[in-house]
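Since the structure comes first, as structure tokens, the remarks are kept for the end.
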2 protein chains.
Amino acid sequence: MTKTRLAIDSRSDNSALKVVGDLKQDILTGYFKPGEKLKMARLKERYQVGVSPLREALSQLLIEQLVVVENQRGFKVHPVSREEMRDIYATRAEIEALCVGLAVEKGDDEWEAGILAAAHTMHKFGEMIDKDPQEWERRHQAFHTAIARGCNSPTLLQVRRSLYEKASRYRNLWLKENMANSDVFDANQKEHQQLVDALLDGDGDRARELIRQHLLSPSRALEQTPGLEELAG
Amino acid sequence: MTKTRLAIDSRSDNSALKVVGDLKQDILTGYFKPGEKLKMARLKERYQVGVSPLREALSQLLIEQLVVVENQRGFKVHPVSREEMRDIYATRAEIEALCVGLAVEKGDDEWEAGILAAAHTMHKFGEMIDKDPQEWERRHQAFHTAIARGCNSPTLLQVRRSLYEKASRYRNLWLKENMANSDVFDANQKEHQQLVDALLDGDGDRARELIRQHLLSPSRALEQTPGLEELAG
DNA sequence: CAATGAGATAATGTCGACATTTTATGATAA
DNA sequence: TTATCATAAAATGTCGACATTATCTCATTG
């Protein structure tokens with residue numbers, strides 16, 4: 001029955017690939033808590049596939065450090081810690097600064113145009129942030145990605161994406177409503193404008209410093225958030 | 001029979017983990033050529049395991065970009081290209097410079113001692129480079145790792161390791177004997193000494209520039225190497 | 001003679017089953 | 001009552017088998 005289902009929608013991809021996306025989403029959004037045991041029975045139930053695709057998907061998330069495995073004791077969601085949070089955000093800030101610096105050097109007109117377009121798309125959604133925070137986060141990310149893309153290095157951009165995903169896990173766990181704070185939001189918007197100005201002026205040093213501070217501020221906010229150890233269980 | 005073999009050596013790890021290491025080595029050293037199709041029958045034969053552990057191992061290498069997968073057409077070794085080689089080496093140079101800069105800021109006495117120890121171990125093997133190039137490469141890598149470790153960031157160091165592995169693939173493919181060239185070797189040793197001096201002086205800017213050039217020179221050598229497209233097939 | 005297509009061959013992707021190991025349960029003894 | 005150990009229950013890791021899909025062979029046709 002399940003076997004024939006694959007035959008019916010013949011355009012279906014590799015089963016594991018779909019599971020990777022869904023499972024990653026479930027971990028990043030916190031549906032599966034940090035440190036939680038991932039029992040095969042439950043995963044089979046949730047994603048409607050056998051163990052083989054599940055183990056393949058989990059193996060991929062293993063390299064991305066979203067799950068951990070113990071020899072004969074199955075898979076667990078990668079635990080969280082303040083230390084790791086600090087490290088991820090600090091590294092992310094450095095990598096993003098690197099991308100920005102290279103982008104200022106190498107970026108062309110198309111790159112600048114992409115930044116302005118993404119900034120426009122993001123600003124237009126400013127008031128809707130309370131209504132659909134997820135869509136705003138998407139546009140926010142698109143804005144920063146448009147900037148970083150100018151470094152023109154697929155390898156570096158992939159490192160950047162991986163770090164973004166790891167960080168978004170921490171963001172989703174604690175910052176769900178803090179984003180709605182209008183003070184920090186206004187400050188964010190101002191920082192974005194300053195960043196765009198520096199980029200179009202070709203001031204790489206200033207842009208690097210701006211982006212570094214921009215990415216470090218949520219880390220400082222998370223630093224003071226209590227209740228980490230409970231989630232880490 | 002194969003099933004009971006796992007029971008005999010009871011300390012055996014997860015089967016896939018062993019395969020990941022061996023398979024990665026075989027790809028990095030060029031036993032499996034870039035673009036080559038990885039047929040399950042052959043892999044089963046070589047590593048003496050079933051398809052399930054193999055697919056798990058391949059899934060992990062998939063994220064590390066050492067293999068690629070096409071929907072119903074199985075796995076292939078990730079192809080090589082001059083463009084990717086340039087990108088990997090350039091990114092690696094920037095990341096290593098970042099590690100070095102942070103290490104100069106944060107490094108303590110133990111860090112400095114580790115560098116001197118690794119430098120000694122490497123220099124003592126200088127004349128043996130023709131006899132056992134692989135051992136020299138290990139010590140060379142240990143030297144640079146001792147330096148980078150000072151950045152004190154597990155996340156960043158893991159990015160660094162991943163890039164090193166990708167780059168070592170290109171190095172193994174074309175630079176097997178070029179390393180034995182004594183001119184470039186002497187220049188390398190001199191660069192190492194300059195780097196150590198800059199590090200112990202706490203001159204981060206100079207150290208960053210030195211390491212950047214140090215890592216970019218093999219890329220320039222590989223740039224002029226012909227015969228890439230044949231291997232890419 | 002080249003191109004097309006049908007049948008045969010081979011390879012992939014998935015599931016169910018089985019052995020092994022871990023974890024939970026409960027009975028016995030000090 | 002509590003600690004220890006044997007037994008039961010559950011969960012993991014691996015393999016063989018099967019359906020599906022891709023690739024190869026080769027005869028037929030325009």
Side-chain angles (χ1 to χ4, degrees), chain A residues 1-23 27 32-33 35-63 66-79 233, chain B residues 1-23 27 32-33 35-63 66-79 233:
Chain A
M1 33 176 19
T2 318
K3 209 177 286 186
T4 54
R5 192 174 57 81
L6 189 138
I8 289 171
D9 63 299
S10 59
R11 287 301 302 150
S12 91
D13 255 349
N14 190 341
S15 206
L17 287 183
K18 289 204 311 291
V19 175
V20 168
D22 295 350
L23 185 51
I27 292 177
F32 291 117
K33 300 282 186 296
E36 180 174 350
K37 197 165 192 300
L38 294 170
K39 292 187 194 165
M40 284 298 175
R42 184 169 176 203
L43 298 179
K44 272 175 62 174
E45 174 72 21
R46 182 167 174 83
Y47 303 112
Q48 294 292 315
V49 292
V51 292
S52 310
L54 281 174
R55 289 188 65 87
E56 288 184 33
L58 288 165
S59 293
Q60 300 189 35
L61 269 44
L62 194 75
I63 298 296
L66 292 178
V67 304
V68 294
V69 62
E70 248 171 316
N71 192 347
Q72 202 87 352
R73 253 167 270 184
F75 294 87
K76 290 189 324 186
V77 179
H78 196 290
Chain B
M1 29 171 32
T2 319
K3 209 177 286 186
T4 55
R5 191 175 58 81
L6 188 138
I8 288 172
D9 63 301
S10 59
R11 288 301 302 150
S12 89
D13 255 349
N14 191 342
S15 206
L17 286 183
K18 288 203 315 288
V19 174
V20 167
D22 296 351
L23 184 51
I27 291 177
F32 290 118
K33 301 280 186 295
E36 180 174 350
K37 199 165 192 298
L38 293 170
K39 292 187 193 166
M40 283 298 175
R42 184 169 176 202
L43 298 179
K44 271 175 62 174
E45 173 73 20
R46 182 167 174 81
Y47 303 113
Q48 294 292 315
V49 293
V51 292
S52 310
L54 281 174
R55 290 188 65 86
E56 288 182 32
L58 289 165
S59 293
Q60 300 188 33
L61 270 44
L62 193 76
I63 298 295
L66 291 179
V67 305
V68 293
V69 61
E70 248 171 317
N71 192 343
Q72 202 86 351
R73 251 167 273 182
F75 294 86
K76 290 190 323 186
V77 180
H78 196 289

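Numbers restart at 1 for each chain; the letters A, B, ... are given by sequence-line order, proteins then strands.
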Neighbour count above 12 (heavy atom, 6.0 Å) for B:K37 NZ: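 More than 12 within 6.0 Å, yes.
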
I need the [atom1]-[atom2] distance between [X] and [N], as an integer number of Å.
X     : N      : atom1 : atom2 : result
A:K39 : D:dA10 : NZ    : P     : 11 Å
B:E56 : C:dT12 : CD    : P     : 17 Å
B:R42 : C:dT12 : CZ    : P     : 13 Å
A:E70 : C:dT22 : CD    : P     : 11 Å
B:L54 : C:dA11 : CG    : P     : 15 Å
A:Y47 : C:dT14 : OH    : C1'   : 19 Å
A:R55 : D:dC15 : CZ    : C1'   : 13 Å

Look at the side chain of [X] and decide which nucleotide, out of [options], has an atom nearest to it.
X     : options                : value
B:M40 : C:dG13, C:dT12, D:dA11 : C:dT12
B:V49 : C:dT12, D:dC15, D:dT14 : D:dC15
B:P53 : D:dT14, C:dT12, C:dT14 : D:dT14
B:Q72 : C:dT12, C:dT14, D:dC15 : C:dT12

Should [X] be listed as having a side-chain N or O under 4.0 Å from OP1 or OP2 of [N]?
X     : N      : result
A:R73 : D:dA11 : no
A:N14 : C:dT14 : yes
B:S52 : D:dC15 : no

Touch class at under 4.0 angstrom, heavy-atom based, for A:L38 against every strand present: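 Contact class for A:L38: sugar-phosphate only.
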
Touch class at under 4.0 angstrom, heavy-atom based, for A:K37 against every strand present: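 Touches sugar-phosphate only.
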
Worked check of side chain to side chain contact (heavy atoms under 4.5 Å, CB included) between A:I27 and A:V67: CA-CA 9 Å; A:I27 292 177; A:V67 304; 3.6 Å; yes

CG on A:L61 to CD on B:Q60, rounded to 0.5 Å: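 Here the rounded value is 11.0 Å.
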
Atom pair NZ/NE2 of B:K76 and B:H78 - distance to nearest 0.5 Å: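 It comes to 9.5 Å.
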
Validation row: A:F32, A:L43 side chains within 4.5 angstrom (heavy atoms): yes

